[in-house]
Engineer: 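Dropping a structure here in structure tokens format, bear with me for questions.
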Amino acid sequence: MRKASLTTAWILSFGVAAYAIVMYGFGPGAARLHPEMRAAFESHALGIQTHIFASALALLLGPFQFWARLRAERPTLHRWLGRVYLGVGVAVGGAAGLYMSYYAFGGVVAKLGFAGLAVGWLYTGVRAYAAARGRDFAAHRRWMIRNFALTFAAVTLRLYLPPVFIFGLPFATAYAAIAWLCWVPNLVVAEWLVKRP
Ligand code: HEM
């Protein structure tokens with residue numbers, strides 16, 4: 001069961017990271033999005049590109065960090081992947097995400113939802129790094145679980161979108177709700193994971 005959920009999380013993380021890299025690196029990018037979103041992305045191209053590529057790196061590297069065998073057999077690799085994950089993925093991707101949250105589609109509720117996600121992502125990253133530097137590995141593990149639960153918001157956000165189209169829900173309202181739904185339940189699950197015996 002545990003292996004099945006981990007494998008699913010891996011596949012979804014790599015799938016969304018690949019989607020982002022292909023779409024924005026080689027594909028149509030924002031051209032297929034809602035016109036208001038597209039306009040915001042076009043007028044803040046550096047912000048959104050920085051956000052997408054740095055965050056996609058976090059989504060690609062994160063799953064490896066939870067692989068117990070890699071940690072046990074290649075601790076130096078774990079440390080270096082962790083530095084890139086936190087230093088580039090979370091720090092750069094999160095700062096650019098925070099900047100883009102000001103221009104997010106879906107009104108003030110969506111802007112606050114994405115800003116909350118960005119602040120939580122940066123904060124849990126700082127706590128995870130400080131715990132590792134302080135050699136408190138139990139705390140480091142807890143903060144990394146919370147942090148990756150927030151990275152995984154990129155996946156959950158895209159899982160909530162198809163029902164919006166299938167059931168014909170009003171997009172702006174649904175998107176504002178998703179800006180919160182994509183990460184708050186993830187944090188609840190993370191908390192359950194870190195607290196369980
Ligand atoms: C966890 C913290 C994150 C925050 C705060 C955040 C924030 C945002 C914001 C504000 C937007 C613009 C949305 C709009 O204008 O309505 C956006 C778009 C986007 N983000 Fe993130 N994001 C995060 C994580 C990620 C991750 C891990 C990825 C990895 C692939 C990612 C990939 C994208 C992509 C591809 C878009 C463009 C929209 C699309 O094509 O679906 N984000 N993000």
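Whatever order the structure lists them in is the order used to number ligands and atoms, beginning at 1. Below, each value reflects all heavy atoms present in this structure, side chains not excepted, and no hydrogens, waters or symmetry copies. The first residue in the sequence is number 1, and the count goes up from there.
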Engineer: Treating Ile, Leu, Val, Met, Phe, Trp and Tyr as nodes and any side-chain heavy-atom pair under 4.5 angstrom as an edge, say whether Leu150 and Val84 lie in one connected cluster.
Structural biologist: yes
Engineer: Which option, Ala56, Ser55, Ala110, owns the non-hydrogen atom nearest atom 26 (C) of ligand 1?
Structural biologist: Ser55
Engineer: Distance under 4.0 Å to a non-hydrogen atom of Leu150: what atoms of ligand 1 satisfy this?
Structural biologist: 1 (C)
Engineer: Heavy atoms only, cut-off 4.0 Å: how does Phe41 contact ligand 1, side chain, backbone, both, or neither?
Structural biologist: side chain
Engineer: Within ligand 1, which atoms have a heavy atom of Ser101 less than 4.0 Å away?
Structural biologist: 10 (C)
Engineer: In terms of residue, atom name and distance, what is the protein heavy atom nearest to atom 24 (C) of ligand 1?
Structural biologist: His51 CE1, 3.7 Å
Engineer: Report the relative orientation of the aromatic rings in His44 and Tyr103; use parallel for angles under 30°, tilted for 30 to 60°, perpendicular for over 60°.
Structural biologist: parallel
Engineer: With a cut-off of 4.0 Å, which atoms of ligand 1 are near a heavy atom of Ala20?
Structural biologist: 30 (C), 35 (C)
Engineer: I need the His140 NE2 to Arg135 CZ distance, nearest 0.5 Å.
Structural biologist: 11.0 Å
Engineer: Number the atoms of ligand 1 from 1 as they appear, then name those within less than 4.0 Å of a heavy atom of Tyr175, with their elements.
Structural biologist: 13 (C), 14 (C), 16 (O)
Engineer: Hey, does Gly94 sit under 4.0 Å from ligand 1 if you only count heavy atoms?
Structural biologist: no
Engineer: Are Tyr102 and Phe114 close enough that their ring centres sit under 6.0 Å apart?
Structural biologist: no
Engineer: Check Ala17 against Ala56 and note the closest heavy-atom contact, atom names and distance.
Structural biologist: CB-O, 3.7 Å
Engineer: By number and element, which atoms of ligand 1 are closer than 4.0 Å to a non-hydrogen atom of Trp121?
Structural biologist: 1 (C), 2 (C)
Engineer: Just let me know how Ala153 lines up against ligand 1, side chain, backbone, both or neither, with a heavy-atom cut-off below 4.0 Å.
Structural biologist: neither
Engineer: Might you point out which heavy atoms bring Pro63 and Ala58 nearest each other, and give the distance in Å?
Structural biologist: CD-O, 4.5 Å
Engineer: Any sub-3.5 Å donor-acceptor pair from Arg146's side-chain atoms to Leu187's backbone N or O?
Structural biologist: no
Engineer: Taking non-hydrogen atoms only, is Leu59 closer than 4.0 angstrom to ligand 1 via side chain, backbone, both or neither?
Structural biologist: side chain
Engineer: Can a donor-acceptor pair be found, under 3.5 Å and without considering hydrogens, that links the side chain of Asp136 to the backbone of Ala131?
Structural biologist: no
Engineer: Pick one of side chain, backbone, both or neither for how Arg32 approaches ligand 1, counting any non-hydrogen atom pair under 4.0 Å.
Structural biologist: side chain
Engineer: Closest non-hydrogen protein atom to atom 3 (C) of ligand 1, residue and atom name please, with distance?
Structural biologist: Leu117 CD2, 3.6 Å
Engineer: Judged by atom type as modelled, is there a donor-acceptor pair below 3.5 Å linking the side chain of Arg32 to the main-chain atoms of Gly29?
Structural biologist: yes
Engineer: Does a donor on one side chain sit under 3.5 Å from an acceptor on the other, for Thr151 and Tyr85?
Structural biologist: yes
Engineer: Under 4.0 Å from a heavy atom of Arg158: which atoms of ligand 1 are those, numbered in the order shown and with their elements?
Structural biologist: 19 (C), 20 (N), 32 (C), 33 (C), 34 (C), 35 (C), 36 (C), 38 (C), 39 (C), 41 (O)
Engineer: Could you tell me, atom by atom, which parts of ligand 1 come under 4.0 Å of a heavy atom of Ala118?
Structural biologist: 5 (C)
Engineer: So which heavy atom on Trp121 is nearest to which on Thr124, and how close?
Structural biologist: O-OG1, 3.2 Å
Engineer: Any idea which part of Met23 is under 4.0 Å from ligand 1, heavy-atom wise: side chain, backbone, both or neither?
Structural biologist: neither
Engineer: Are the side chain of Trp183 and the backbone N or O of Gly113 linked by a donor-acceptor pair below 3.5 Å?
Structural biologist: yes
Engineer: Please report the closest heavy-atom contact between Pro162 and Leu159, naming both atoms and the distance.
Structural biologist: CD-O, 3.4 Å
Engineer: What about Thr151: any of its N or O atoms under 3.5 Å from an N or O on ligand 1?
Structural biologist: no
Engineer: Could you pull out, from Ala54, Ala154, Gly47, the option with a heavy atom nearest to atom 27 (C) of ligand 1?
Structural biologist: Ala154
Engineer: Going by the atom numbers of ligand 1, which of them fall below 4.0 Å from some non-hydrogen atom of Tyr24?
Structural biologist: 35 (C), 37 (C), 38 (C), 39 (C), 40 (O)
Engineer: So which heavy atom in the protein is nearest atom 11 (C) of ligand 1, and how far is it from that ligand atom?
Structural biologist: Ile48 CD1, 4.4 Å
Engineer: For ligand 1, which is the ligand I care about here, please tell me if Phe105 has any N or O atom under 3.5 Å from one of the ligand's N or O atoms.
Structural biologist: yes
